[in-house]
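The sequence lines fix the lettering, A, B, ..., with proteins before strands; numbering per chain opens at 1.
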Amino acid sequence: MLDLRWIRNNEDDVRSFLAARNNDFDIAPLLALDEEKRKLLTETEELKARRNEGSKKVGSARARGEDASQIMEEMRAIGERVKVIDGRIGEIDARLNDLLLSVPNRPHGSVPVGKDENDNVEIRRWGTPKEFSFEPKAHWDIGEALGILDFEKGAALAQSRFTVLRGQGARLERALINFMLDLHTEQHGYLEIEPPFLVSGKTMTGTGQLPKFADDLYKCENDDLWLIPTAEVPLTNLHADEILEEEQLPLYYVAYTPCFRREAGAYGRDVRGMLRQHQFDKVEMVKLASQETSYEELEKLTDNAEEVLRSLDIPHRTICLSTGDMGFGSSKTYDIEVWLPSQHKYREISSCSNCEDFQARRMNTRYRPKGGGKPVYVHTLNGSGIAIGRTLIAVLENCQREDGSVEIPAALVPYMRGVTEIR
RNA sequence: GGAGAAGUGGCCGAGUGGUCGAAGGCGAUUGACUCGAAAUCAAUUGAGCGGCUUUGCUGCUCCGUGGGUUCAAAUCCCACCUUCUCCGCCA
């Protein structure tokens, strides 16, 4: 959510960044409502001041045993007008809030302006895609041949886009989770959290999933509970409605959770294998930082995610998303993409964003600056550190051998209890 | 799920219709005292929105949340949420 006052004073900026995002949101009705509300507010506040004064007079008159019925009558009339105006203000507020929650975040000045993913800018590459002496297979072929990936059973138990992992496949998933959690907690200074996997509508609104993206989420029928699409939601909301001290910042949190996404609107894409699932595991990093340090923290966060892939020796590249490709709540996003030999392409495995104060304003998380002063909104950052299922895919495909077996990267061997290959 | 109790400022805690945004205490900050510290004393110490003669003054709102009654609500009424205790159920 953006600051309404800022929108009011920077109309042109808002219009131009909405255009850069290909967003057709019209701010005119919003500004009109804002104007009307402020006019009514002045009116009702004046009336209330008069009523407060009158009520005090009634009190003191009664204390002296005098008759106050005339003032009471006047105050009753004022009260009725106040009620009408406040009712209208309430309606405007609700509408204003709805509109504000639908305005996307303002992109940072360093973000490339562009229409879509074709305008994303590659920042760096790491590693060289391996030359195979044979035709590298896709992970679904490797996994099914080894008996560790079962797509049929996933579909039978739930529906398509669910997978059953078996044996060393299930263990590899678990190994990746533990490896990443250990890396981030022991080397990068994150505090491990185990959050709820279901959260309230308010929490979903805090990070921006609601109200706009309800169709992408799974909701419980009888409760105000939603399955999290990413641990970003509970982690970022950990300090909702709090005022922190600047000395506490930055806060680093990391969590493993399953993630649940309806993937509505992704019907034809990545239908084979487990690249795009309704349920997938992810280790997620979240930071709350001061306004001055958040972009520095974004660089570190992205490096923390890249470190996972360096440790596993998997080729990858990092790109900066253009204004047209960026998510709703982000001011700047780096995607990390791994090399998938079977597709001969880099594919997204992590997304690291600085949301600045966009989420903080929604969930009301502030900090008191050093040396006192008014509380200001924190900057929130999140990044996959990293997607587990896609990492498993990357390991299977990049570490496959001609005979169909898969070599376990050295860093994972301890987590696989000494297993060095799956065959 | 059933029965009961409770939700007040950073914390504890008083307040059952009228100068209550809220006593008192703790904590914090500043000053005095001190060579310094402690102790003591004094002052200050919530948030949001707005106005102004803008380092201060001022209006409105906020006592779990949302409604209602009233000239006036922390205080009365209704609904909901959360916490605690007991029962039931369960891992």
With a 3.5 Å limit on both atom pairs, tell me what [N] is paired to, counting Watson-Crick and G-U wobble, or say none.
N	answer
B/C33	none
B/A38	none
B/G21	none
B/U70	none
B/U55	none
B/A3	B/U85
B/U44	B/A28
B/U75	none

Check whether any side-chain N or O of A/N52 sits under 4.0 Å from OP1 or OP2 of B/C60, and answer yes or no.
->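 Affirmative; the distance criterion is met.
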Using a cut-off of strictly less than 4.0 Å, decide whether A/R368 has a side-chain nitrogen or oxygen near OP1 or OP2 of B/G46.
->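 So the side-chain polar atoms of A/R368 never come under 4.0 Å of the phosphate oxygens OP1 or OP2 of B/G46.
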Inter-nucleotide [atom1] distance ([N], [M]), Å rounded:
N	M	atom1	value
B/U69	B/A28	P	46 Å
B/A72	B/U16	C1'	15 Å
B/G36	B/A74	P	48 Å
B/C78	B/G21	C1'	26 Å
B/G24	B/A79	P	37 Å
B/C63	B/A47	C1'	13 Å
B/U58	B/U65	P	27 Å
B/U53	B/C41	C1'	37 Å

Nearest-Å distance for atom pair [atom1]/[atom2], residues [X] and [N]:
X	N	atom1	atom2	value
A/K37	B/C49	NZ	P	10 Å
A/D241	B/G64	CG	C1'	12 Å
A/K83	B/A73	NZ	C1'	14 Å
A/E46	B/C49	CD	C1'	15 Å
A/R361	B/G48	CZ	P	12 Å
A/R366	B/G10	CZ	P	11 Å
A/N364	B/U65	CG	P	13 Å
A/N9	B/G50	CG	P	10 Å

Using the ring of each side chain (for Trp, its six-membered ring), is A/F197 parallel, tilted or perpendicular to A/Y256, with breaks at 30° and 60°?
->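 It falls in the perpendicular class, over 60°.
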If the plane angle is over 60° it's perpendicular, under 30° parallel, otherwise tilted; pick one for A/H188 and A/H184.
->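 Tilted: the ring planes of A/H188 and A/H184 meet at 30° to 60°.
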Quiz item: A/E45 side-chain donor-acceptor pair to B/G59 base, under 3.5 Å =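 A donor-acceptor contact between them is present.
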Please work out if [X] contacts a base, only the sugar-phosphate, or nothing of the nucleic acid, heavy-atom cut-off 4.0 Å.
X	value
A/K202	nothing
A/M72	base
A/R50	nothing
A/K48	sugar-phosphate
A/R62	base

Of all the nucleotides listed ([options]), which has the minimum atom distance to the side chain of [X]?
X	options	value
A/R51	B/C49, B/C71, B/A47	B/C71
A/P375	B/A47, B/C71, B/C49	B/A47
A/R76	B/U70, B/C60, B/A47	B/U70

No-hydrogen, no-angle side-chain donor-acceptor test under 3.5 Å, [X] and [Y]:
X	Y	answer
A/E397	A/S342	yes
A/E192	A/Y253	no
A/T318	A/E306	yes
A/T203	A/N237	no

What distance do A/F260 atom CZ and A/T230 atom OG1 have between them, rounded to the nearest 0.5 Å?
->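 That separation rounds to 12.0 Å.
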Check A/R95, A/K39, A/R8 against A/D34 for a salt bridge (charged side-chain N to carboxylate O under 4.0 Å, His left out) and give me the one that passes.
->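 Single salt bridge (charged side-chain N to carboxylate O under 4.0 Å, His left out) partner of A/D34 among A/R95, A/K39, A/R8: A/R8.
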A/A49 or A/R5, whichever maps to the more 5' nucleotide of RNA chain B =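 Of the two residues, A/R5 wins.
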